[in-house]
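Each chain gets a letter, A, B and so on, in the order its sequence line appears, and its residues count up from 1.
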Number of protein chains: 2
Amino acid sequence: MYLVNGKAYTCAIAIAQDIFNDKWKLGIIWHLLSGEKRYKELFEEVCEITQKTLTVKLRELEEKGIIAREAFPEIPPKVVYSLTPIGEKLRPVLNEMFDWGIDYVTVCGAFSEGTVCEPKLSKKA
Amino acid sequence: MYLVNGKAYTCAIAIAQDIFNDKWKLGIIWHLLSGEKRYKELFEEVCEITQKTLTVKLRELEEKGIIAREAFPEIPPKVVYSLTPIGEKLRPVLNEMFDWGIDYVTVCGAFSEGTVCEPKLSKKA
DNA sequence: CAGGATCCATCAAGATACTG
DNA sequence: CAGTATCTTGATGGATCCTG
């Protein structure tokens, strides 16, 4: 049995599922894997997300200890988001998921013209 | 650019995210990784799921080519679900996710008494 | 046994406008 | 620049009952 902030789980998969069960968090982390990013950079790189949703998701990830937020007391403001150690440990998960996505397109989809927005990542942990 | 049933993606992660962005699919696949299962077995093993939801999720996974459904013309009925090749390829994703879940509990949670419902899986692909 | 059929509550997320 | 504040909606999933 696993306890994570007051909630009991009988399956480690359910813990990850519970955290990442939404449309955006994995994408945000995927972009942070290539290095820390400012709010605006994330807003531009994570396709189609709205400011409100980005803010909400960043707060949730911070609260769960997966990303860190650093605000610089400047005008104009500057806020930088980065992965915590446990957040960084998602790298192999995302890499496997990326590979599976490619496999899935190969089997059930098609490749087409047009640029992709994959960040360039090192595969090493 | 990736095309998957009429939808365009610029990121392979988004493909996986789009498919598994719900409360149940990954858990169902996790249980199918230990072997094919009947409807009733899944209903009992996937904690807390309702019959309707299980049916809906199985249909969605079948439609996306990730699981296969085989119905035996018997009375009482017998239906067996199993992973397709591309579904089986989710094994490394789920294994990494499982490991991360354990890491996350180690850092941000606690282990406790009580049995877990993890299926016993081989780590090999 | 393996669903199907309804009805319903909730909530994530989009759109839009505003601010320290 | 990095957010807030409202308003609104579509879909997910829960509850319950029914059936080939």
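- Following rounding to the nearest Å, A/Glu74 (CD) and D/dA2 (P) show an atom-to-atom distance of 10 Å.
- Residue A/Phe72 contributes atom CZ, which lies 19 Å from atom C1' of C/dG20 at whole-angstrom precision.
- As rounded to whole Å, 17 Å separates atom C1' of C/dA12 from atom CD of A/Glu48.
- Nucleotide D/dG14 holds its P atom 10 Å from the CG atom of B/Asp22, rounded to whole Å.
- Proximity of B/Thr53 to the phosphate of D/dT12: no side-chain N or O atom is located under 4.0 Å from OP1 or OP2.
- Rounded to an integer number of Å, the gap from A/Asn21 CG to D/dA11 C1' is 13 Å.
- Within the 4.0 angstrom heavy-atom criterion, only backbone atoms of the sugar-phosphate kind lie near B/Lys57; the bases stay farther away.
- Applying the 4.0 Å criterion to OP1 and OP2 of C/dA2, one finds that B/Arg59 has every side-chain N and O outside that range.
- Checking the phosphate oxygens (OP1, OP2) of D/dA2, a side-chain nitrogen or oxygen of A/Arg38 falls inside 4.0 Å.
- Residue B/Gln51 has its side chain nearest to C/dA2 when only D/dG13, D/dC1, C/dA2 are considered.
- Remark: B/Asp99 does not engage A/Lys89 in a salt bridge, criterion side-chain N to carboxylate O under 4.0 Å.
- Atom CD1 of A/Ile67 and atom P of D/dA2 are 14 Å apart (whole Å).
- Distance CG (B/Leu58) to P (C/dC1): 17 Å, rounded to an integer number of Å.
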**OP:** Start with the C-alpha distance between A/Tyr9 and A/Asp18, add both sets of side-chain angles, then the distance that settles side-chain contact (heavy atoms from CB on, under 4.5 Å), and finish with yes or no.
**Re:** CA-CA 10 Å; A/Tyr9 296 89; A/Asp18 220 30; 2.5 Å; yes

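- In the interface, the side chain of B/Lys52 is not paired with the base of C/dG3 through any donor and acceptor atom under 3.5 Å apart.
- Salt-bridge check for B/Glu60 with B/Lys57: passed, with a basic side-chain N closer than 4.0 Å to an acidic carboxylate O.
- To the nearest angstrom, C1' of C/dA2 lies 11 Å from CD1 of B/Ile75.
- Phosphate proximity of D/dA2 to A/Lys40: absent, as no side-chain N or O sits under 4.0 Å from OP1 or OP2.
- For the OP1/OP2 pair of D/dG3 and a distance below 4.0 Å, the side-chain nitrogens and oxygens of A/Tyr81 include at least one atom meeting the criterion.
- Within the 4.0 Å cut-off from OP1 or OP2 of D/dG3, at least one side-chain nitrogen or oxygen of A/Arg69 is found.
- Judged by a 6.0 Å distance limit and a 45° cone about the ring axis, A/Lys37 is not positioned over the six-membered ring of A/Tyr81.
- Where B/Glu60 and A/Pro77 each meet DNA chain D at their nearest nucleotide, the meeting point lying more 5' is that of A/Pro77.
- A side-chain donor-acceptor contact under 3.5 Å links A/Thr55 and A/Tyr39.
- The listed nucleotides are D/dG3, D/dG13, C/dG3; the one nearest the side chain of A/Tyr39 is D/dG3.
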